[in-house]
A.B. asks: 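Just dropping this structure here.
Proteins come first, then strands; the chains are lettered A, B, ... in the order of their sequence lines, and each starts at number 1.
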Amino acid sequence: MRATRRCGLDIFTIFCSNILIFKILDANIKTYNNILTFYFLFLKYPEKRHCWCYMKLMEELEARGLLAQTSGYNEILDLFENEKVTVYTGFDPTGDSFHVGHLVQLLTLLRLQRFGHRIVCLFGGGTAMIGDPSAKNEMRPILTKETINKNIEKFKMQAAKFLDISQCVILNNAEWLCGLDYIDFLREIGIHFSVNRMLASECYKNRLNSGLTFFELNYMLMQSYDFLILNKNYDCQVQIGGSDQWSNMLAGVELIRKKNKNKTYAISTNLLTTSDGRKMGKTEKGAIWLDSQKTSIYDFYQYFRNIDDGDVIKCFKMLTMISLEDIENYECDIEKNTNELKELMAFEITSLVHGCEEASKALDVSRKIFGKKDYEQVPQVNIKYDFFKNDEIKITDLIRLSGLSKSNSESLRLIKQGGITINDLVITDYGKCFKEEDLKNGIVIKKGKKRIIKCVI
RNA sequence: GGGGAUUUUCCAGAGUGGACAAAUGGAGCAGACUGUAAAUCUGUUGCCUUAUGGCUUCAUAGGUUCGAAUCCUAUAGUCCCCA
């Protein structure tokens, strides 16, 4: 029942989104048909919902550049073709929101789900209390149980936006980790791990110079134990994770082989990186979050809108559900249509995360700001009258309060460098003050070319 | 347990008594050029009512000195060697 309702919603979303695609690329009837066909198939034959795609799941993942390593490609390919497989991915609830880096994982799960496989989302309520040492130079701060549980709740809500949560198994490894008996654990699990081998693995190697505590060394055991439990209790056969998790996932496969004599598999996905090898989704302000409270939908959209030319196709492949066939077509005329394609890509990703309606709002705002200077829908900031002195507010204060700069000194530098415009006039007078009535109708402050905010009282 | 080294601004990393708000590079921000891209060039990057001015910073707490990122003592973090 619930699943059906979801389908209806999805059709609607996709329908809207495709009307917009029409707008963007004038006419792309192919995409439109593909998606509709897929959704009708999905409605009619839910158990065969992967029929719309002629590619095998693993082939698709590979073609999208998602696969980094697998423990036995052909066996996994067969497994996914012939069985309904239970797949698990672990998420560490160390923050209060997913970020763009998680998006690859979440969308991979969505792809799996659409191919009819069963998804287990494991939240590391237990492991988060340790912190994963992989690819980190320093130990993470230790979180309290309350924070972790709060984070898990937020993660669940965000995951529900992508995945059909009713079809997923949601678990928290605190369930089995917190009650563990130390001695039993060592005897049953610890005995299977060679410290020599662990230290040789990539994720611990670079920690050897900077210090690694026993506390963190346990991370691998716990993650492996998770997989063991899931294999035993939920018949989970495959673990998917970021390529930084590769050693941990392999350790799990090995543990299960030793303990349960079961054959399991690990798949690692590529991290989302820019063409010059940096991690994507990080800015000077930190990560790009999926939570609209932490990263506004407009900023989220703009992040992808402004992505490097060389990363556009990669983003299409990894972060959208657009078919590979269409992406191939885009690739052919990327030279001509770079900006249109960027727009489409940014829109698609935003609508996956925040819904079609919000994404089209962001698209609209962006077009207005960069196109015909229509500042109607610019993000607004309310300035309290308390900040006024003698019925006036200084421009440096105003810029700071609007969030465009961190301090008055920074505001001052920006003005001196000609980086601030107010209502489209470059400001050079850094002593300028505004009165209450100036702000009544709102003034539009622009910092550089891209940051724009309307201040009202 | 013993010995040694180290801790500098967002990051890396110079500075070892005054010329230090602290070289240089990276990253960021702004300007020019552009396509809301990249590359390049220029400027800028602790805070303060706008500053040939003031204030707070070089792990923390004391001390020596006219003067301390720099010297001394204690404490903490990190790393290396020996056990």
A.B. asks: Which nucleotide in the list B:rA37, B:rU49, B:rU36 gets nearest to the side chain of A:K342?
C.D. replies: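 Taking heavy atoms from C-beta onward, the closest nucleotide is B:rA37.
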A.B. asks: Hydrogens and angles aside, do A:D391 and A:Y385 bring a side-chain donor and acceptor to less than 3.5 Å of each other?
C.D. replies: yes
A.B. asks: Roughly how far apart, to the nearest Å, are B:rA19 and B:rG67 at atom P?
C.D. replies: 14 Å
A.B. asks: Rounded to the Å, how far apart are A:L404 CG and B:rA30 P?
C.D. replies: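 Result: 10 Å.
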A.B. asks: Classify A:K432 by what it touches in the nucleic acid, base, sugar-phosphate, or nothing, heavy-atom distance under 4.0 Å.
C.D. replies: nothing
A.B. asks: Between P on B:rU36 and CG on A:L341, what's the gap in Å once rounded to a whole number?
C.D. replies: 15 Å
A.B. asks: Considering only NZ, NE, NH1 and NH2 on the basic side and carboxylate oxygens on the acidic side, decide whether A:K156 and A:E153 come within less than 4.0 Å.
C.D. replies: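 Salt bridge present between A:K156 and A:E153.
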A.B. asks: Please figure out whether A:R400 or A:S366 has its closest RNA chain B nucleotide nearer the 5' end.
C.D. replies: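 It is A:S366, whose closest nucleotide lies nearer the 5' terminus.
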A.B. asks: Strictly below 4.0 Å, heavy-atom distances to any atom of RNA chain B: list the hits from residues 409-418 of chain A, or just say none.
C.D. replies: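 Heavy-atom cutoff 4.0 Å gives A:S409, A:L412, A:R413, A:L414, A:K416, A:Q417, A:G418.
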A.B. asks: Is A:S405 touching bases, backbone alone, or none of the nucleic acid, heavy atoms closer than 4.0 Å?
C.D. replies: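 Nothing: the residue A:S405, judged by heavy atoms under 4.0 Å, touches no strand.
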A.B. asks: Expressed in angstrom and rounded to an integer, what is the separation of A:R451 atom CZ from B:rA30 atom C1'?
C.D. replies: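 About 14 Å, once rounded to whole Å.
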A.B. asks: Measure from NZ on A:K389 to P on B:rU50 and round the result to the nearest Å.
C.D. replies: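 Distance, rounded to whole Å: 12 Å.
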A.B. asks: If only side-chain N and O atoms count, and only distance matters, is there a donor-acceptor pair under 3.5 Å linking A:S323 with A:D326?
C.D. replies: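 Short answer, yes.
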A.B. asks: For A:F370 and B:rU36, are the ring centres under 5.5 Å apart with planes inclined under 30°?
C.D. replies: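 Answer is yes, a stack.
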A.B. asks: How long is the straight-line distance from OH of A:Y303 back to OG1 of A:T295, given to the nearest 0.5 Å?
C.D. replies: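 So the gap between those two atoms works out to 11.0 Å.
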A.B. asks: Quick one, A:F155 with A:F98, criterion ring pair (Phe, Tyr, Trp, His ring centres under 6.0 Å). Give me CA distance, side-chain angles, the key distance, then yes/no.
C.D. replies: CA-CA 7 Å; A:F155 275 34; A:F98 283 124; 4.2 Å; yes
A.B. asks: Distance check: side-chain N/O of A:N408 vs OP1/OP2 of B:rU49, anything under 4.0 Å?
C.D. replies: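 So the side-chain polar atoms of A:N408 do come within 4.0 Å of the phosphate oxygens OP1 or OP2 of B:rU49, strictly under.
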A.B. asks: Starting at CD of A:E335 and ending at P of B:rA37, how long is that distance when rounded to a whole Å?
C.D. replies: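 Rounding to the nearest Å, CD of A:E335 and P of B:rA37 are 17 Å apart.
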A.B. asks: Give A:T338 one of three labels, base, sugar-phosphate or nothing, depending on what nucleic acid heavy atoms sit under 4.0 Å from its own.
C.D. replies: base
A.B. asks: Can you tell me which nucleotide in B:rC47, B:rC29, B:rU34 comes closest to the side chain of A:S407?
C.D. replies: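 Of the options given, the side chain of A:S407 lies nearest B:rC47.
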A.B. asks: Of the listed nucleotides (B:rA32, B:rG35, B:rA51), which one gets closest to any side-chain atom of A:Y430?
C.D. replies: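 Between B:rA32, B:rG35, B:rA51, the one nearest the side chain of A:Y430 would be B:rA51.
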A.B. asks: When all nucleic acid strands are considered with a 4.0 Å heavy-atom cut-off, which category describes A:K450: base, sugar-phosphate, or nothing?
C.D. replies: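 Counting heavy atoms under 4.0 Å across all strands, the contact made by A:K450 is with sugar-phosphate only.
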A.B. asks: In whole Å, measure the gap between the C1' atoms of B:rG28 and B:rC10 for me.
C.D. replies: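 Taking atom C1' in both B:rG28 and B:rC10, they lie 8 Å apart.
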A.B. asks: Using atom CG of A:N306 as one end and atom C1' of B:rU34 as the other, report the distance to the nearest whole Å.
C.D. replies: 13 Å
A.B. asks: With both distances kept under 3.5 Å, what pairs with B:rG1, Watson-Crick or G-U wobble?
C.D. replies: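 When the pairing criteria are applied, B:rC82 turns out to be the nucleotide that pairs with B:rG1.
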A.B. asks: Does B:rA12 pair with anything, Watson-Crick or G-U wobble, both distances under 3.5 Å, and if so, with which nucleotide?
C.D. replies: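 Base-paired to B:rU24.
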A.B. asks: May I ask which nucleotide in the shown strands pairs with B:rG67, Watson-Crick or G-U wobble, both distances under 3.5 Å?
C.D. replies: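 Pairing partner, where one exists within any strand: none, as none qualifies.
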A.B. asks: In terms of side-chain heavy atoms, does A:T89 have a donor or acceptor partner in A:Q239 at a distance below 3.5 Å?
C.D. replies: no
A.B. asks: For atom C1', what is the distance between B:rG62 and B:rU49, given to the nearest Å?
C.D. replies: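 Taking atom C1' in both B:rG62 and B:rU49, they lie 37 Å apart.
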A.B. asks: Rounded to the nearest 0.5 Å, how far apart are CG of A:L290 and NE2 of A:H354?
C.D. replies: 6.5 Å
A.B. asks: Looking only at non-hydrogen atoms, find the nearest pair between A:L271 and A:G242 and report the distance.
C.D. replies: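 Reported closest heavy-atom pair: CD2-CA, 4.5 Å.
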A.B. asks: Check this for me, if you would: do A:R197 and A:E254 make a salt bridge, where the nitrogen-to-carboxylate-oxygen distance has to be below 4.0 angstrom?
C.D. replies: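 Salt bridge: yes.
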A.B. asks: Nearest whole angstrom, please: distance from the P of B:rC29 to the NZ of A:K406.
C.D. replies: 10 Å
A.B. asks: Distance between the P atoms of B:rG43 and B:rG25, in whole angstroms?
C.D. replies: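 Comparing P positions in B:rG43 and B:rG25 gives a spacing of 11 Å.
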A.B. asks: Considering only the C1' atoms, how many Å lie between B:rC80 and B:rC48, rounded to the nearest integer?
C.D. replies: 44 Å
A.B. asks: Counting Watson-Crick and G-U wobble pairs only, both distances under 3.5 Å, name the nucleotide matched with B:rU75, or none.
C.D. replies: B:rA59
A.B. asks: Nearest whole angstrom, please: distance from the P of B:rC48 to the CD1 of A:I399.
C.D. replies: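 Between P of B:rC48 and CD1 of A:I399: 12 Å.
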